[in-house]
Amino acid sequence: AELAPFQREGSADEDLIEDSVQRIREYLRQQGHWKADVSADRTQIDKTLTIVLTVRKGPLYRVAKDGVAITGNVAIAMEEIRPLVVLAPGQPYVAAHLVAATGALLRLYRSRGFAWVEVKTSADDVSAGADGDPLVGPAIAITEGPRAVIGEIRVTGVQGLSEADILRVIKLQPGSPYYEPTIRADRD
């Protein structure tokens with residue numbers, strides 16, 4: 001009733017049907033049913049509308065015993081990266097967690113000055129585990145690229161304050177990582 005709220009909404013328009021299909025599909029995938037699928041069939045005979053939602057839950061996928069394979073990290077130690085990847089061996093595989101790890105890794109690298117870092121993910125069926133559940137081997141490949149650091153900081157066009165006064169209140173210093181949010185904050 002929560003995922004397909006036709007009765008509560010008092011409606012069965014195409015948008016609500018599609019939203020319901022998406023909500024059910026995402027709910028199942030958050031439970032570890034990686035390849036779950038849902039479809040809707042809408043039939044109207046006279047004044048009777050029938051909506052049939054076909055749910056193909058599929059098997060529960062788990063993360064393989066080796067966990068998430070991470071490659072390409074050179075500048076940042078694995079001890080800093082691992083806590084950002086919440087998928088653990090034996091847990092249900094939730095693809096959204098791999099996507100979240102990608103975003104977290106991009107933010108970490110960019111905050112360290114790796115403005116051109118690339119993080120790519122993949123997930124492959126591995127085999128069945130001891131309990132019969134299919135296993136997934138997620139992987140993250142990091143391409144760090146060059147590190148950008150602040151060289152010289154110059155202040156121009158200032159009339160009310162001295163350059164030294166301004167340089168004392170900003171966080172950026174020569175040699176610090178080039179990171180857009182810090183630059184914008186100092187500019188503001």
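A quick note: this is a predicted structure, and the numbers were derived from the prediction, not measured. Values below: every heavy atom of this structure, side chains too, minus hydrogens, waters and symmetry copies. Just so you know, residue 1 is the first one in the sequence shown, and it goes up from there.
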field: Contact check, side chains of Tyr27 and Val38, non-hydrogen atoms, under 4.5 Å
entry: no
Side chain to side chain, Val158 and Glu163, heavy atoms closer than 4.5 Å: no
Sequence neighbours excluded and cut-off under 3.5 Å, please list the side-chain donor-acceptor pairs for residues 145-154, or say none.
residue: Arg147; atom: NE; partner: Arg112; partner atom: O; Å: 2.6
residue: Arg147; atom: NH2; partner: Arg112; partner atom: O; Å: 3.3

Step-by-step side chain to side chain contact (heavy atoms under 4.5 Å, CB included) determination, Leu108 to Phe114: CA-CA 9 Å; Leu108 173 65; Phe114 292 90; over 6 Å; no
- prompt: Quick one: OG1 on Thr121 to CD1 on Ile70, what's the gap to the nearest 0.5 Å?
  reply: 11.5 Å
- request: Begin from the C-alpha positions of Val68 and Arg82 and carry the test side chain to side chain contact (heavy atoms under 4.5 Å, CB included) through to its verdict.
  value: CA-CA 9 Å; Val68 180; Arg82 276 285 171 209; 4.2 Å; yes
- prompt: Does Gly137 offer a backbone N or O that forms a donor-acceptor pair with the side chain of Asp124 under 3.5 Å?
  reply: no
- line: Minimal heavy-atom distance between Asp186 and Leu172, with the atoms involved, is OD2-N, 2.8 Å
message: Please evaluate residues His97 and Gln30 with respect to the criterion side chain to side chain contact (heavy atoms under 4.5 Å, CB included), reporting the C-alpha separation (whole Å), side-chain torsions for both, the decisive distance (0.1 Å), and the verdict.
response: CA-CA 9 Å; His97 292 172; Gln30 289 294 322; 4.3 Å; yes
From CD1 (Ile170) to CG (Asp188), nearest 0.5 Å: 12.5 Å
field: Ionic contact status for Asp37 with Arg56, cut-off 4.0 Å
entry: yes
query: Where the side chain of Thr182 meets the backbone of Tyr178, is there a donor-acceptor pair that is under 3.5 Å apart?
result: no
field: Over 12 non-hydrogen atoms of neighbours within 6.0 angstrom of CD in Gln7
entry: no
task: Check Leu60 against Pro92 and note the closest heavy-atom contact, atom names and distance.
output: CD1-CB, 4.1 Å
field: Minimal non-hydrogen separation, Ala123 against Tyr93, with atom names
entry: CB-OH, 3.3 Å
statement: To the nearest 0.5 Å, atom CD of Glu26 lies from atom CD of Gln31 at 10.0 Å
task: Could you tell me whether Arg42 and Glu14 make a salt bridge, using a distance below 4.0 angstrom between a side-chain N and a carboxylate O?
output: yes
field: From OG (Ser39) to CD1 (Ile17), nearest 0.5 Å
entry: 11.5 Å
- prompt: Which is it for Trp116 and Thr143 under the side chain to side chain contact (heavy atoms under 4.5 Å, CB included) test, yes or no, and what are the steps along the way?
  reply: CA-CA 9 Å; Trp116 300 278; Thr143 305; over 6 Å; no
message: I'd like to know if the side chain of Glu9 reaches the main chain of Leu16, judged simply by a donor and an acceptor atom lying under 3.5 Å from each other, with no hydrogens or angles considered.
response: no
field: Side chains of Asn73 and Leu105 in contact at under 4.5 Å (non-hydrogen atoms)
entry: no
